[in-house]
Amino acid sequence: MGATQSTADAFERKPVALTERITSDGSSAWPVEPGRYRLVVARACPWANRSVIVRRLLGLEPVLSMGIAGPLHDDRSWRFHNDPDNRDPVLGIEYLREAYEKAHPGFDEGVTVPTVVEVATGKAVTNNFQDLTLDLSTQWRALHREGAPDLYPEQHRAEIDEVNAGVYEDVNNGVYKCGFAKGQGSYEEAYRALFARLDALSERLATRRYLVGDTITEADIRLWVTLVRFDAVYHGHFKCNREKLTEMPVLWAYSRDLFQTPGFGDTIDFEQIKQHYYGVHSEVNPTGIVPVGPDPRGWLTPHGREELGGRPFGDGTPPGPPPEGERVPPLV
């Protein structure tokens, strides 16, 4: 996403600037339309990773193209520094901020990923990360692949929303509240809330394969994008160091189960994740040194979670392999 720091001791995440929704019924200024939009993400960012996973699982690649910003950025915003000529090959821009300025001249608020951009005009449409994945599941349904799973089933939405609220406050945003705290008290409060929530989630997942119901839902996706980054960056860089993920048996097995599920691990580039956090957060890591470890190969070890039952994709099917230009390096 691109974190923002408050002036108080405690970290506070600012609201996103572009809250538009893309809808199927024409109730917004932006209708669902194949080929009209480009989803701009970064491999490093957990908030963007949500939308990458959902797009993969629902098979929206043919109708919603994806631009991938590199892991490094400066005060001008996320850059396409891994693309030829340092520009997104479809939008032709070097910095994501350019799409915001086309939509809102003089724009001076936060530029974050994921952002949806209208291809024809180059204008940023929305960076409303909380609603984006829900809209991909509900508003884009007519364009889903055959066999797409229902990631936000109507009968479970209230429970999913409840789980998501706690996970967002204490885990997704909680690691940032630890890492960017300006005072010992604020840090310790966030640290305690983080691990209390992880303990509760571990207890919940000890007897069930997924967080809500017996299939993968939005709730699993939102928790997992933080867990998959935990040992690589949050444990050390953000001082979330009571335990490593690999030392929390239930959550480690749960995380490996999802990593080995098509649509999850095949979206992860650990090197870009580390390059971003350790290379951009100069206040936390002034040397800019990026750690070599941890060894990622443990993610491919057996997890044993199949014994709990569950149907990963419900009545649907796994997604096919990622498109050629969207593949991540294999774990070595």
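Everything numeric in this text was worked out from a predicted model, so none of it was measured.
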J.: Check the pair Asp220 / Tyr254 against side-chain hydrogen bond (donor to acceptor under 3.5 Å, both in side chains), numbers first and verdict last.
T.: CA-CA 10 Å; Asp220 298 294; Tyr254 165 80; 2.6 Å; yes

J.: Does a donor on one side chain sit under 3.5 Å from an acceptor on the other, for Tyr187 and Asp9?
T.: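 No - no donor-acceptor pair under 3.5 Å links their side chains.
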
J.: How long is the span from the CG atom in Leu211 to the CD1 atom in Ile160, to the nearest 0.5 Å?
T.: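 One finds 9.5 Å between CG of Leu211 and CD1 of Ile160.
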
J.: Has Arg297 got its NZ or CZ under 6.0 Å from the middle of the six-membered ring of Trp299, at an angle within 45 degrees of the ring axis?
T.: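 No, Arg297 and Trp299 do not form such a contact.
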
J.: Determine whether the side chains of Glu218 and Thr133 contain a donor N or O and an acceptor N or O closer than 3.5 Å.
T.: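 Distance-only check passes for Glu218 and Thr133.
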
J.: Is the side chain of His303 donor-acceptor paired with the backbone N or O of Ala253 at a distance under 3.5 Å, no angle test?
T.: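 No; zero donor-acceptor contacts below 3.5 Å.
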
J.: Can you tell me if CD on Glu189 sees more than 12 non-hydrogen neighbours from other groups inside 6.0 Å?
T.: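 Count not over threshold, so no.
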
J.: So which atom in Val212 and which in His156 form the shortest heavy-atom distance, rounded to 0.1 Å?
T.: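 The pair with the smallest heavy-atom distance is CG1-CB, 3.7 Å.
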
J.: How long is the span from the CD atom in Glu94 to the CG atom in Asn86, to the nearest 0.5 Å?
T.: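 If I round to the nearest 0.5 Å, the distance is 5.5 Å.
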
J.: Could you go through the side-chain contact (heavy atoms from CB on, under 4.5 Å) check for Thr23 and Val32 one step at a time?
T.: CA-CA 6 Å; Thr23 57; Val32 170; 5.7 Å; no

J.: Give the minimum heavy-atom separation between Arg222 and Leu134, together with the two atoms involved.
T.: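 Heavy atoms of Arg222 and Leu134 come nearest at NH2-CG, 3.7 Å.
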
J.: Hey, could you give me the NE2/CG distance between His144 and Asp150, rounded to the nearest 0.5 Å?
T.: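 Between atom NE2 of His144 and atom CG of Asp150 there are 8.5 Å.
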
J.: Can you tell me if Asp74 has over 12 outside heavy atoms packed within less than 6.0 Å of its CG?
T.: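 Counting neighbours around CG of Asp74, more than 12 heavy atoms of other residues, nucleotides or ligands fall under 6.0 Å, so yes.
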
J.: Parallel, tilted or perpendicular: which describes the rings of Tyr100 and Phe107, with under 30° parallel and over 60° perpendicular?
T.: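 Judged by the thresholds at 30° and 60°, the geometry between Tyr100 and Phe107 is tilted.
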
J.: When rounded to the nearest 0.5 angstrom, what is the spacing between CG in Leu194 and CG in Asn173?
T.: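 So the gap between those two atoms works out to 11.0 Å.
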
J.: Using the rule that two of Ile, Leu, Val, Met, Phe, Trp, Tyr join whenever any of their side-chain heavy atoms come within less than 4.5 Å, decide whether Met248 and Leu308 are in one cluster.
T.: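 Different hydrophobic clusters.
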
J.: Are any of the side-chain heavy atoms of Arg21 and Thr126 separated by less than 4.5 Å?
T.: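 In short, these two side chains do not touch, never coming nearer than 4.5 Å.
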
J.: Sort out for me which residue in Thr217, Asp161, Thr138, Asp135 forms a side chain to side chain donor-acceptor pair (under 3.5 Å) with Tyr152.
T.: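 Running side chain to side chain donor-acceptor pair (under 3.5 Å) over Thr217, Asp161, Thr138, Asp135 with Tyr152 returns exactly one hit, Asp161.
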
J.: Between Asn241 (side chain) and His235 (backbone), is there a donor-acceptor pair under 3.5 Å?
T.: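 Checking the backbone N and O of His235 against the side chain of Asn241, no donor-acceptor pair under 3.5 Å is found.
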
J.: According to a hydrophobic-cluster definition based on side-chain heavy atoms being under 4.5 Å apart (Ile, Leu, Val, Met, Phe, Trp, Tyr only), do Phe180 and Val280 belong together?
T.: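 No, it is not one cluster - the side chains of Phe180 and Val280 are not joined through contacts under 4.5 Å.
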
J.: Taking atom types as modelled and ignoring hydrogens, do the side chains of Arg50 and Gln130 form a donor-acceptor contact shorter than 3.5 angstrom?
T.: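 A pair is found: one side chain offers a donor N or O, the other an acceptor, under 3.5 Å apart.
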
J.: Using the six-membered ring wherever Trp is involved, compare the ring planes of Tyr277 and His237 and label them parallel, tilted or perpendicular (cut-offs 30° and 60°).
T.: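 Perpendicular: the ring planes of Tyr277 and His237 meet at over 60°.
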
J.: Please determine, by modelled atom types, if Thr317 and Arg145 share a side-chain donor-acceptor pair under 3.5 angstrom.
T.: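 Looking only at side-chain atoms, Arg145 and Thr317 do form a donor-acceptor pair, the distance falling under 3.5 Å.
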
J.: Side chains of Arg141 and Ser24: do they bring a donor and an acceptor to under 3.5 Å?
T.: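 Their side chains do not contain a donor-acceptor pair, so the 3.5 Å distance test is not met.
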
J.: Taking the side chain as every heavy atom from C-beta outward, state whether Val119 and Val90 have any atom pair closer than 4.5 Å.
T.: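 Sidechains of Val90 and Val119: in contact.
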
J.: For Leu96 versus Ser77, what's the shortest heavy-atom pair and its separation?
T.: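 Taking every non-hydrogen atom into account, N-OG, 3.4 Å.
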
J.: Just by distance, no angles: are the side chains of Asn49 and Arg229 close enough, under 3.5 Å, to form a donor-acceptor pair?
T.: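 Yes, side-chain donor-acceptor contact under 3.5 Å.
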
J.: Can you tell me if Glu162 has over 12 outside heavy atoms packed within less than 6.0 Å of its CD?
T.: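 Not more than 12 within 6.0 Å, no.
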
J.: Pair Arg256, Thr301 - check side-chain hydrogen bond (donor to acceptor under 3.5 Å, both in side chains), show working.
T.: CA-CA 8 Å; Arg256 298 202 313 282; Thr301 59; 3.1 Å; yes

J.: Taking all non-hydrogen atoms of both residues into account, name the closest pair between Phe195 and Cys240 and its distance.
T.: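 Heavy atoms only, the tightest pair is CZ-O, 3.5 Å.
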
J.: Give a yes-or-no answer on whether the side chains of Asp131 and Asn128 include a donor-acceptor pair shorter than 3.5 Å.
T.: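 Judged by distance alone, the side chains do pair up.
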
J.: Taking atom CG of Asn82 and atom CD of Gln272, what is their separation to the nearest 0.5 Å?
T.: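 These two atoms lie 5.5 Å from each other.
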
J.: Does a sphere of radius 6.0 Å around NZ in Lys244 hold more than 12 heavy atoms from other residues, nucleotides or ligands, not counting ones at 6.0 Å or beyond?
T.: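 At most 12 heavy atoms, drawn from other residues, nucleotides or ligands, come within 6.0 Å of this atom.
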
J.: Using a cut-off of 6.0 Å, state whether more than 12 heavy atoms not belonging to Gln155 lie near its atom CD.
T.: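 Buried by this count: over 12 neighbours within 6.0 Å.
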
J.: Do Glu188 and Gln184 meet the criterion of a side-chain donor-acceptor pair at a distance under 3.5 Å?
T.: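 Yes, Gln184 and Glu188 have a side-chain donor paired with an acceptor closer than 3.5 Å.
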
J.: Answer yes or no: is there a donor N or O on one side and an acceptor on the other, between the side chain of Arg55 and the main chain of Leu64, under 3.5 Å?
T.: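 Flag set: sc Arg55 to bb Leu64 pair under 3.5 Å.
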
J.: Under 3.5 Å, side chain of Glu101 to main-chain N/O of Glu98, donor-acceptor pair present?
T.: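 Judged by distance alone, no pair lies under 3.5 Å.
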
J.: Looking at CD of Gln139 and CD1 of Ile22, how far apart are the two atoms once the value is rounded to the nearest 0.5 Å?
T.: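 Result: 10.0 Å between the selected atoms.
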
J.: Using a 3.5 Å distance criterion without hydrogens, assess whether the side chain of Thr115 forms a donor-acceptor pair with backbone atoms of Asn127.
T.: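 Answer holds: no.
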
J.: Taking atom CG of Asp25 as the centre, report whether more than 12 heavy atoms of other residues, nucleotides or ligands fall under 6.0 Å from it.
T.: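 More than 12 within 6.0 Å, yes.
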
J.: Give me the ring orientation class for Trp224 and Phe259: parallel if the planes are under 30° apart, tilted from 30 to 60°, perpendicular past 60°.
T.: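 Ring orientation of Trp224 relative to Phe259: tilted.
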
J.: Which heavy-atom pair separates Val111 from Trp78 by the least distance, and what is that distance?
T.: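 So the two residues come closest at O-CD1, 3.9 Å.
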
J.: Would you check if Thr112 and Phe129 make a side-chain contact, meaning some heavy-atom pair closer than 4.5 Å?
T.: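 No, side chains not in contact.
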
J.: I need the single residue from Arg209, Arg311, Arg208 that forms a salt bridge (charged side-chain N to carboxylate O under 4.0 Å, His left out) with Asp214. Which is it?
T.: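 Option passing the salt bridge (charged side-chain N to carboxylate O under 4.0 Å, His left out) with Asp214: Arg311.
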
J.: Verify the distance criterion only: is there a donor paired with an acceptor across the side chains of Thr287 and Tyr278 at less than 3.5 Å?
T.: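 Per modelled atom types, Thr287 and Tyr278 side chains form no pair under 3.5 Å.
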
